[in-house]
*Asks:* 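Pasting in a structure now, in structure tokens, and then I'll have a few things to ask.
We use all heavy atoms of the structure for the numbers below, so side chains are in, but hydrogens, waters and symmetry mates are not. Positions are given from 1 along the sequence.
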Amino acid sequence: MLGSSETERGASSPINTDSRRTLLLLSPIPDPDDVATETAAKALAGSVTDGSDASDTDRDGEAGVRGWAQVRVGTFILCSYFAEVILGNAPGTLLPFIAHDLALDPSDSARLSAVATAAVCVSKLTMGPVVDRVGGKRSALASLVLVAVALAGLGLASSSAAVGATWAALAWSNAPMWPAEAVVMKEQLRPSAVDGYFRLLSISSRLGVFSSMGLFAGLLAVMNWRAVCLVMSLFGAVAAVSLAPLIPSSPRPATSSREPQHRQPRHEAGGGGCRGCLWEAVTLLELRWYRWALAAMSGLMMVLNMGYLITTFFADTVDASDSSILLMSMSFPAGILACQVFPAHYYSRRDHHGRRRLCLGLQCVSLAGVTALGLGAAGEANSPAAIAAKVALVFTTTFGLGVAYYIPLHAASVKLAPERAGLCNSSIDGVGYVASILFQVAMSYILKTPVGWRGVWLIAAGCVAFSILAMDRFYAAVRLAEAHGARAVGIELEVLPAAASVAKVQPRRGTDDDEGAVPLLQPDRDDSDGY
């Protein structure tokens, strides 16, 4: 089994040492009806060794931290992202007070928000390769420190230009935190634990949003917005220093004996530097699951980024006090949080087909809610029943999208492309932000027409329907990638007679630049349908 040494099996091995060969062992998903393939898999699993420490390898051959070390990794991930969310929400939460102090009009505030969003897009699309090279822990701590510095600069800003520059710097520094956390998971955790940790990370994100509102409200009661920025900047610096000792320094993303190595030979052609990063980003599009992940995230992000305007929706359609409208608006993030607490808990415990059915089923629930909003099912009256119906439909819309938005797309990046986890995660989010900006521009024109919010919600329903189709094809592509060896592990393998009788060795189809053609071990069956 995994973890046995060469000396332990040298004398008792049933095969001659000369028959051992270095192979790429693919990870096919066995067909329950294919007894021969299952027999081969068991025989091969019993003959594989890689010399790794048994304490870091479980019975399934997965390597990663255990026990209290895993608790420390989880604490680092959750606390660092929680602190980052609180600091990142500061400019938007404090914007009304900033605008009042600096005499900014609504158009100035809108331009500042647009500049910050553009900074997020640029950071998401460019910082992924940097995160992969620097490492997860270093990137997360650097992001936290830079956000704290930018927030201190915001507290000292005395003009709209200074506010825009510091807000953009804060947004740019904040964006790489999510891919940095994904790289930490890749470096420290077992692949089977990634889905659960993305769920906890999403809970941390939602709790950070709720906590930031209450925290800033309490601080503003005793100090002005500039002092709040300086105090929260100090909080970010203290958090970075406190979290640094929790886990070991992230290793440079080099080849590890416990990580799956992927067949991406053409990625090497780009070399290093900016040209190499660009080449990596372009060649990632060759991966079918990655293309569908980009499409699915685009549809999801267009709907979920409506949270910025959900308060405006209730203000335009409900005659109520400001405090009541704010309470109604909380239904939007509350739906996402509820999804992470309940359905997402079962998602991480299911197999591939169970996860697919749960995720797509929740998205269909969201489609029903957003379509009802677009068709005016809640009515236009201000009766308590109509208001409750609108709140319930908004909650339903986000409740059904929480799993799809946070877990499967990002978890696949860590599992199927571990050496490019940062690039995959940041680019997926970046493309989603670009799509949401386009949707927001379209919303500004639609709201001026007679259809108003109904037209916006109907377009959102189309986005949800598109995300359902894209997510379905994403799951099929992930299944196909796993079945045909997108996750290939380079290990030393003993080909036992039982395995050799039911498997065939095929030469790898590589480029002329590959050093040494390494054969592939594949089951003699067809999984072309991806299921």
Side-chain angles (χ1 to χ4, degrees), residues 74 77-78 81-82 85 89 178 181-182 185 193-213 293 296-308 310 313 327-373 388-412 425 428-429 432 436 457 460-461 463-472 474-475:
I77 291 173
L78 299 182
Y81 199 74
F82 181 81
V85 170
N89 280 342
W178 183 274
E181 304 291 13
M185 294 182 199
V194 168
D195 295 279
Y197 272 82
F198 269 114
R199 168 181 168 260
L200 295 178
L201 190 60
S202 64
I203 293 176
S204 177
S205 173
R206 293 299 100 190
L207 290 178
V209 172
F210 284 105
S211 301
S212 64
M213 295 179 180
M297 180 57 75
S298 298
L300 293 169
M301 191 79 83
M302 283 189 283
V303 179
L304 291 178
N305 268 9
M306 289 179 64
Y308 294 114
I310 197 65
F313 164 70
L327 289 176
M328 297 174 196
S329 303
M330 296 297 288
S331 61
F332 195 94
I336 302 176
L337 178 60
C339 183
Q340 301 309 313
V341 173
F342 297 107
H345 172 73
Y346 296 100
Y347 177 89
S348 59
R349 298 173 181 267
R350 292 175 175 266
D351 59 7
H352 176 86
H353 291 297
R355 293 177 179 183
R356 173 180 172 272
R357 288 191 292 268
L358 178 59
C359 182
L360 297 181
L362 287 171
Q363 286 182 272
C364 290
V365 172
S366 176
L367 179 61
V370 70
T371 302
L373 284 170
K390 289 182 180 179
V391 171
L393 290 175
V394 170
F395 178 90
T396 301
T397 298
T398 56
F399 177 82
L401 300 179
V403 169
Y405 177 70
Y406 277 109
I407 301 180
L409 307 178
H410 299 100
N425 275 275
I428 288 172
D429 286 342
S436 68
W457 287 116
C463 294
V464 174
F466 172 76
S467 70
I468 293 175
L469 297 176
M471 190 64 71
D472 177 69
F474 164 78
Y475 277 106

*Asks:* Please report the interatomic distance CE(Met297) to CG(Leu409), rounded to the nearest 0.5 Å.
*Replies:*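 With rounding to 0.5 Å, CE (Met297) is 5.0 Å from CG (Leu409).
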*Asks:* Please name the pair of heavy atoms, one in Ser467 and one in Ala296, separated by the smallest distance, quoted to 0.1 Å.
*Replies:*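 Minimum heavy-atom separation between Ser467 and Ala296: CB-O, 3.9 Å.
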*Asks:* If you define the side chain from C-beta out and look only at heavy atoms, does anything of Val394 sit under 4.5 Å from Ile310?
*Replies:*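 Counting from C-beta outward, Val394 and Ile310 do come under 4.5 Å.
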*Asks:* Going from CG on Leu373 to OG1 on Thr397, what distance comes out if it is rounded to the nearest 0.5 angstrom?
*Replies:*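 Interatomic distance, Leu373 CG to Thr397 OG1, rounded to 0.5 Å: 5.0 Å.
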*Asks:* I need the minimum non-hydrogen distance between Met185 and Ile77, along with the two atoms involved.
*Replies:*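 Looking at all heavy atoms of both residues, the closest pair is CG-CD1, 3.8 Å.
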*Asks:* Would the distance check show the side chain of Ser331 and the main-chain N or O of Met328 forming a donor-acceptor pair, the cut-off being under 3.5 Å?
*Replies:*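 Yes.
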*Asks:* Ignoring hydrogens and angles, tell me if any N or O in the side chain of Thr398 forms a donor-acceptor pair with the backbone of Phe332 under 3.5 Å.
*Replies:*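 A pair under 3.5 Å: yes.
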*Asks:* Rounded at 0.5 Å granularity, tell me how far CH2 in Trp457 sits from SG in Cys463.
*Replies:*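 Nearest 0.5 Å value for the CH2-SG distance: 11.5 Å.
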*Asks:* Compare every heavy atom of Leu367 with every heavy atom of Ala465, then report the nearest pair and how far apart it is.
*Replies:*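 The pair with the smallest heavy-atom distance is N-CD1, 4.1 Å.
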*Asks:* Just so I know, are the side chains of His410 and Asp429 near enough to count as touching, which here means a heavy-atom distance under 4.5 Å?
*Replies:*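 Yes, at least one pair of side-chain atoms sits under 4.5 Å.
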*Asks:* Tell me the closest heavy-atom pair linking Gly208 and Val85, and the distance in Å.
*Replies:*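 Looking at all heavy atoms of both residues, the closest pair is C-CG1, 3.6 Å.
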*Asks:* Strictly distance-based, threshold 3.5 Å: is any side-chain N or O of Ser204 a donor or acceptor partner for the main-chain N or O of Leu200?
*Replies:*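 The answer is no, because no donor-acceptor pair under 3.5 Å joins these two groups.
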*Asks:* Nearest 0.5 angstrom please: Leu469 CG to Phe474 CZ, how far?
*Replies:*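 Reported to 0.5 Å precision, the distance equals 15.0 Å.
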*Asks:* Do the non-hydrogen side-chain atoms of Gln340 and Tyr406 ever get within less than 4.5 Å of each other?
*Replies:*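 They are in side-chain contact.
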*Asks:* How long is the gap from CD1 on Ile468 to SG on Cys364, to the nearest 0.5 Å?
*Replies:*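 It comes to 4.0 Å.
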*Asks:* On a heavy-atom basis, which atom in Ile336 and which in Gly402 lie closest, and how many Å separate them?
*Replies:*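 That closest heavy-atom pairing would be CG2-CA, 4.4 Å.
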*Asks:* Calculate, to the nearest 0.5 Å, the distance between atoms OH and CZ belonging to Tyr347 and Phe198 respectively.
*Replies:*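 Output value for this atom pair is 11.0 Å.
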*Asks:* Minimum heavy-atom separation for Phe313 to Lys390, with atom names?
*Replies:*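 Closest heavy-atom pair between Phe313 and Lys390: CZ-CD, 4.5 Å.
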*Asks:* Identify which one of Gln363, Arg356, Arg355 satisfies the side-chain contact (heavy atoms from CB on, under 4.5 Å) criterion when paired with Cys359.
*Replies:*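 With Cys359 as partner, side-chain contact (heavy atoms from CB on, under 4.5 Å) holds for just one option, Gln363.
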*Asks:* Let me check something: any side-chain donor-acceptor pairs from residues 299-306 under 3.5 Å, sequence neighbours excluded? List them with distances.
*Replies:*
{"from": "Asn305", "atom 1": "ND2", "to": "Ser436", "atom 2": "OG", "distance (Å)": "2.9"}

*Asks:* Is there side-chain contact between Cys339 and Tyr405, with heavy atoms separated by less than 4.5 Å?
*Replies:*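 No, every pair of side-chain atoms sits at 4.5 Å or beyond.
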*Asks:* Using a 4.5 Å cut-off on heavy atoms from C-beta on, say whether the side chain of Leu401 contacts that of Leu362.
*Replies:*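 No - every pair of side-chain heavy atoms lies 4.5 Å or more apart.
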